[in-house]
Amino acid sequence: MAEFGLIGLGVMGKSLARNLADKGFALALYNRRVDGLEEEVAQNFIKEYPELSSAVGFEALGAFVGALEKPRRIFIMVKAGAATDAVIDNLLEYIEADDVIIDGGNAFYKDTDRRFNTLKERGVHFVGSGVSGGEEGALKGPSIMPGGSKRSFEIVSPYLTAIAAKDKNGQACCAHIGIGGAGHFVKMIHNGIEYAEMQLLAELVTILKSMYGLTQNEIADIFTQWTSSESNSYLLEITADILRKKEGDKFLLDSILDQAGNKGTGGWSTAAATELGVPATMIASALFARYTSAWRNERLEASQIYKWDGLNSASFEIESLRAAYQAARIINHHQGFHLIDEASKKYQWHIDLSELARVWTNGCIIRSHLMESLVDVLKSTNRLLINASIHKQVNAQLGSLKHLCALGNKTSTPMPCFQTAFQFILAYSTEKSAANVIQAQRDYFGAHTYKHVDDPSGPSHHTIWNND
Ligand code: 6PG
């Protein structure tokens, strides 16, 4: 009998299967049959890799489930959305109480919550699990964020922890996140943080090219130098590689169309921020920067009619640029963890932010030196920017961020994420905000009332603003 089953042998499914087999688990693998297109996928895949020699391949779901030990542990790795529902519906014919289904796709957390509750009625455990690290991570050790009941985690954790990446102390980058949709919620915000981290790096490339006049190799060298600093991250490392990559005698980057795609998790993160009332401005800014890039024809037209003047170039110390970058990253992480904290309270997930940061120290796309340092910081605060040690760090960097944003305006260099970071910290640290004007306007035209500054939790007031 097989102890672990896997459904869906796309790129990620295959890598996870090889990783599980490598750890010595007896596997049953299933891939659907589509005549002429997908035939004997599991069987052929098993033949390709020696580590899979004891795995068994199926294209009949009943036989696949029948080959699994009870309680059955079934990992689904199919396209998020309707395909996941279809697989679960089909499985329901064969599985029984105490079996565990793990969905490792980038599912929408509210779908995960719905599936969790529907399957619970039948006594079946549903684990919505974030899995990060791409193809290579899935093969060599991803970061894994399982959500679901504690009991279901106990049943599947030996397998998930065995294949996960290891943190610097050798502990698995996998932990029970919370019930229902918690695992997929944090994976969604992981991706949101990823969007802003990627956008900041993309903006740095523009800044170093247009403001500093540097070549791609020179920029790559700077990024490589930064990998020895507190700014080190997986995304920084890969961006240095990308900058150096040539096709023939041309930089590959110059041949790549400047229109960013997305698969939805950044949009979902932004929607969650609006729903929870959390100012995750950097995720939103990075998402909208992608959308702006995608309207390419309009951009080309606008570029013909709007002409920007100002300085052609400007530069300041590279170390100050790095400081500005680091400040913006801290603000991004502050907002991402704030969003998770609010969702955790609303849905009573009791997410341990420090443990989540630990799970994100290796295997995932946003692993970084900063993330490692946050494991400790998040033990004593849920709000990074008002923690004393973070304040000390960021305060020393904010002058550089301010200077960079000013130079960006002087040279008409688009840097939406850097500007958003600076505007956020300005507003966040303002004692008297402009919101009294907003409240007065709301009361003027809509009698929405306002609170008195001397009595913030006291009665609401309404004023007749205009007697005409
Ligand atoms: C990961 C990645 C992975 C994927 C994103 C990309 O953690 O391994 O985040 O999930 O790369 O889906 O999302 P976009 O296509 O929206 O950029």
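For reference, positions follow the sequence shown, starting with 1. What you see is a predicted model, and the numbers here were worked out from it, not measured in a lab. We count ligands from 1, going down the list as the structure has it; atoms in each ligand are counted the same way.
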| query | Do the non-hydrogen side-chain atoms of Phe25 and Ser54 ever get within less than 4.5 Å of each other? | reply | no
| field | Closest protein heavy atom (residue, atom, distance) for atom 12 (O) of ligand 1 | value | Asn106 ND2, 3.2 Å
| Do Glu194 and Met198 come close enough that some side-chain heavy atom pair is under 4.5 Å? | yes
| query | Got a sec, which pairs hit side-chain hydrogen bond (donor to acceptor under 3.5 Å, both in side chains) with one end in residues 143-156, sequence neighbours left out? | reply | Asp98-Arg151, His125-Ser149, Ser149-Ser152
| note | In this structure, atom 16 (O) of ligand 1 is nearest to the protein heavy atom Tyr195 OH, 2.5 Å
| message | Looking only at protein heavy atoms, which one is nearest to atom 8 (O) of ligand 1, and what is the separation? | response | Gly133 N, 2.9 Å
| task | Look at ligand 1 and say whether Met198 reaches it with a heavy atom at a distance under 4.0 Å. | result | no
| request: Would you mind listing which atoms of ligand 1 come within a distance below 4.0 Å of any non-hydrogen atom of Lys263? | output: 14 (P), 15 (O), 16 (O)
| request: Could you tell me whether Asn191 approaches ligand 1 through its side chain, its backbone, both or neither, with non-hydrogen atoms closer than 4.0 Å? | output: side chain
| remark: Nearest non-hydrogen protein atom to atom 10 (O) of ligand 1, with distance, is Lys187 NZ, 2.8 Å
| request: Determine whether Leu384 and Leu374 make a side-chain contact, defined as any pair of heavy atoms from C-beta on separated by less than 4.5 Å. | output: yes
| said: Tell me whether Gly134 reaches ligand 1 (any heavy atom closer than 4.0 angstrom to a ligand atom). | reply: yes
| task | Identify, for atom 9 (O) of ligand 1, the protein heavy atom at the shortest distance, and state residue, atom and that distance. | result | Glu194 OE1, 2.6 Å
| field | Numbered atoms of ligand 1 (with element) below 4.0 Å of His190, judged on heavy atoms | value | 7 (O)
| message | So which atom in Gly128 and which in His184 form the shortest heavy-atom distance, rounded to 0.1 Å? | response | CA-CE1, 3.4 Å
| Is it the side chain (CB and beyond), the backbone, both or neither of Arg290 that lies under 4.0 Å from ligand 1, heavy atoms counted? | side chain
| message | Would you call the rings of His338 and His334 parallel, tilted or perpendicular, taking 30° and 60° as the class edges? | response | perpendicular
| message | Parallel, tilted or perpendicular: which one describes the rings of His190 and Trp360, with boundaries at 30° and 60°? | response | perpendicular
| message | Does any N or O of ligand 1 fall below 3.5 Å from an N or O anywhere on Val131, backbone included? | response | no
| Applying a strict 4.0 Å limit to heavy atoms, is Gly266 in contact with ligand 1? | no
| request: Could you tell me whether Glu247 and Lys250 have a side-chain N and a carboxylate O separated by less than 4.0 Å? | output: no
| said: Quick check: Gly261 and ligand 1, any N/O pair under 3.5 Å apart? | reply: no
| query | Any Lys/Arg nitrogen of Arg358 or Asp352 sitting under 4.0 Å from an Asp/Glu carboxylate oxygen of the other? | reply | no
| task | Identify, for atom 7 (O) of ligand 1, the protein heavy atom at the shortest distance, and state residue, atom and that distance. | result | Ser132 OG, 2.5 Å
| request: Please check if atom CD in Gln259 has more than 12 non-hydrogen atoms from other residues, nucleotides or ligands closer than 6.0 Å. | output: yes
